[in-house]
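This report concerns only the one structure given below.
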Amino acid sequence: MTSHLLFARLAVSALALGVVTQCMAQKTDSKVAIHVTPKQAYLFVDGRAIGEASKHHSLKLSAGDHKIVLANYGYTSETHNVTTTAGQTTSLDVTLQPISSTVPGPFGAMTIEGASRGAVLLNGKTPDFFVGNGDEFNHDWGWKQELVVPPGTYQVTIQNGDTELWSGPVEVAENKRVVIGVPKGVRKTVDWPRGSKLTSIPRFTVGSASATVAVAKPTAELSAMAAQVNCGDPAHLKWTSTDAPSVQISEVGPVAPIGDQSTQPKQTTTYNMTATGPGGTATSSTTVNVNNAIQANLQLAPAEVQYRRVGDKVVQDASSALTWSAANASTVSIDPLGTVGANGNHPLQITPKQTTPGAIDETVTYTMTATNVCGGSETRTAALHIVGAIEQPQLALSRSIYFPTNRPHKVKSDGALLPSEQDSLKVLAEAFKTYLTAESSAHLVLSGHADKRGPAKYNQELSERRAELAKTFLVEQGVPEANLETQAYGNGQNLTEDEVKQLLEQNPNLSAEEKQKALGKIQTVVLANNRRVDIKLSTTGQESARMYPFNSTDYMALVERGKPLETNPVENAAQNGAQNAAQKEKLKN
């Protein structure tokens, strides 16, 4: 095959391929019919700068999803996500809403030459920073076509489709006009007298052969609801901005032009707001002071406790409580309790380490450590002092000692202390002498009482004689007088009828029938129960049981509410046993 014939066949094949490709493109293409007000609005499709929307009433696009932005400075831009279908036309009717506010001076100006209908962007490269097209700013003679801006430095970008025609910084001074030639850049800066005459002008003005775009400088205002917060508490920020499509707050990131948000700083933080728009950059800042100091308190109440144990029984076990607070803390622990809440109260069980008899003098230290996520830390300690003793077993006291009516007449009247009561005191004396070998400082406190009959002075003296008589008898049994104390109450602490009834009910030595009979003579029984000497052990606070000796042989002499027998009750009981028993039975019945 000759080369000429081969070339001819290749040419035919290429032509056929081109026709097929064109047919396939026609089948996959779609159209968007755009109608927009104002007609000067600029069209961006999928990030590409297309041109004035009025020049593209029927826009060819591939079938599928597209992002269409219509922008005109001085109006609120609109973004539409459009899905087109191959071979079909999609209509898009848009009316941009004007921004009615004007722009105040001072001013400078830009003239852009050689940009045709390229999109002019200030301080950004997205449609949000669009201010107009090159044809609107290309001369300053006759009919004005100019870009008016606040004095400052601008990053100017001019785009056409996917192509960046020119980009670079431009410094514009007050009442000066900068001429930019594309693609070389800034060509000259000249005086602009008209700027000094302008005080406030609309954002967008257009005529038959003129156009003025006045770009507004952004504003920014950032504040915090509270200038100081505690560690862990939120800081609430609030901000507003205008004419700034890009707003950033340090420590937060990109935000909407207007908004509020909570943040949780862990240290004193200054938040810087930067609002950037075609008209420049505005900043605002606010500082939130973070208090990381912990106010800690640890206390023991009381800080010293008394502990006393006699044998296996604890007779003095004063309690204590640990109270704490840790304001502005996130973690609190107390050694040896472990992790606790920021505020609390913990009762303490006092148990000395010592287990053998002897004096106790121990200190337990509690240490609180409080921290927070902001670096704050505080430590507090509290010392609990435990004092006391571990002693020999305590004394088991007998019952109280009871007396006949109106007896004794004098302290040395042995006849007033009936045999049953003498026996009770003898048992007590032997037990107490043994007890003193383990606790030499112990005292028996003997408290005399009288029933309610008779004058108060007489009853007081009578109760004193009863206490002294019991003391004298114990001394005679070998109890050291120094370990005995007496006190007298007269009839000032008489047991009430209800209290005596309760004692009757609790008396294990009486049958139910005997209790019922005693209740039938309750007034007499109440008087008898109040003619007594109570015994108390000073070291433990133990008291004698108030258990009336109903079953004693000299019961009648004790319980009789009238005057006592003329003869000695002991002799009378021995000589007249039968008569005494008859009288006792009579009283019970």
Side-chain angles (χ1 to χ4, degrees), residues 32 34-61 66-82 92 94 96 98-99 103 109-140 144-149 153-170 172 178-187 203-206 210-216 218 243-246 276-280:
V32 178
I34 300 175
H35 302 279
V36 63
T37 301
K39 65 180 182 178
Q40 295 82 12
Y42 201 86
L43 175 64
F44 293 86
V45 178
D46 299 330
R48 299 173 63 247
I50 304 302
E52 288 186 12
S54 61
K55 308 296 184 181
H56 298 81
H57 289 305
S58 182
L59 180 65
K60 287 185 179 181
L61 295 174
H66 299 278
K67 181 178 180 181
I68 297 176
V69 179
L70 294 162
N72 196 100
Y73 197 83
Y75 292 78
T76 301
S77 63
E78 288 194 17
T79 300
H80 295 266
N81 294 311
V82 177
L92 189 60
V94 178
L96 302 181
I99 300 173
V103 178
M110 294 185 195
T111 298
I112 300 175
E113 299 173 342
S116 184
R117 298 187 182 278
V120 179
L121 310 172
L122 299 184
N123 299 323
K125 295 188 178 184
T126 67
D128 292 329
F129 296 89
F130 172 79
V131 294
N133 64 72
D135 194 45
E136 292 175 320
F137 311 132
N138 60 4
H139 65 77
D140 188 50
K144 304 295 183 184
Q145 293 194 185
E146 57 193 358
L147 177 59
V148 179
V149 295
T153 300
Y154 298 85
Q155 183 66 32
V156 179
T157 300
I158 301 172
Q159 291 182 344
N160 189 2
D162 292 328
T163 303
E164 190 174 276
L165 301 178
W166 182 80
S167 179
V170 176
V172 181
V178 179
V179 180
I180 303 169
V182 177
K184 293 185 178 181
V186 176
R187 194 163 61 81
R203 293 170 179 255
F204 181 74
T205 305
V206 66
S210 64
T212 299
V213 172
V215 179
D243 298 293
S246 174
T276 302

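The model shown is predicted, which means the values in this text are computed figures rather than measured ones. Every heavy atom of this structure was used, including side-chain atoms; hydrogens, water molecules and symmetry mates were not.
Here NE2 of His66 is found 15.5 Å from NE2 of His80. Values are rounded to the nearest 0.5 Å. Distance check: His35 NE2 to Leu92 CG gives 9.0 Å after rounding to the nearest 0.5 Å. Atom-to-atom distance recorded for Leu59:CG and Leu43:CG is 6.0 Å, nearest 0.5 angstrom. Atom-to-atom distance recorded for Ile158:CD1 and Asn133:CG is 10.5 Å, nearest 0.5 angstrom.
Put simply, the side chain of Phe130 does not reach to within 4.5 Å of the side chain of Gln159, judged on heavy atoms. Residues Ile112 and Val182 meet the side-chain proximity criterion, which asks for heavy atoms closer than 4.5 Å. The shortest distance between side-chain heavy atoms of Met110 and Val120 does not fall below 4.5 Å. When side chains are defined from C-beta on, Ser246 counts as touching Phe129, because their heavy atoms get closer than 4.5 Å.
The side chain to side chain contact (heavy atoms under 4.5 Å, CB included) test applied to Pro38 returns Gln40, Asn72, Tyr75, Leu96, not counting sequence neighbours.
With hydrogens and angles ignored, the 3.5 Å screen pairs a side-chain donor or acceptor of Tyr42 with a backbone N or O of Arg117. Judged by distance alone, with hydrogens and angles left aside, the side-chain atoms of Thr212 form no donor-acceptor pair with the main-chain N or O of Thr205 at under 3.5 Å. Proximity of a side-chain donor or acceptor of Asp46 to a complementary backbone N or O of Lys67 within less than 3.5 Å is detected. Asn123 places a side-chain N or O within donor-acceptor distance of the main-chain N or O of Gln155, the cut-off being under 3.5 Å. In this structure, Gln145 contributes its side chain and Asp135 its backbone to a donor-acceptor pair below 3.5 Å.
The shortest non-hydrogen separation linking Phe44 to Leu121 is CZ-CD2, 4.4 Å. Minimum heavy-atom separation, Gly280 to Pro218: O-CG, 3.2 Å. Closest approach of Leu165 and Ala115 over heavy atoms only: CD1-O, 4.2 Å. The shortest non-hydrogen separation linking Lys144 to Ser210 is O-CB, 3.0 Å. Closest non-hydrogen pair, Pro245 versus Asp128, comes out as CB-CB, 3.4 Å. Shown here for Ile180 and Trp166, the closest heavy-atom pair between the two residues is CG2-CZ3, 4.0 Å.
Of the residues Asn138, Val178, Val172, Val131, the one that meets the side-chain contact (heavy atoms from CB on, under 4.5 Å) test with Leu147 is Val131.
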Please evaluate residues Ile50 and Arg48 with respect to the criterion side chain to side chain contact (heavy atoms under 4.5 Å, CB included), reporting the C-alpha separation (whole Å), side-chain torsions for both, the decisive distance (0.1 Å), and the verdict. CA-CA 6 Å; Ile50 304 302; Arg48 299 173 63 247; 3.4 Å; yes
Tell me, with the steps shown, if Val156 and Leu122 meet side chain to side chain contact (heavy atoms under 4.5 Å, CB included). CA-CA 5 Å; Val156 179; Leu122 299 184; 3.7 Å; yes
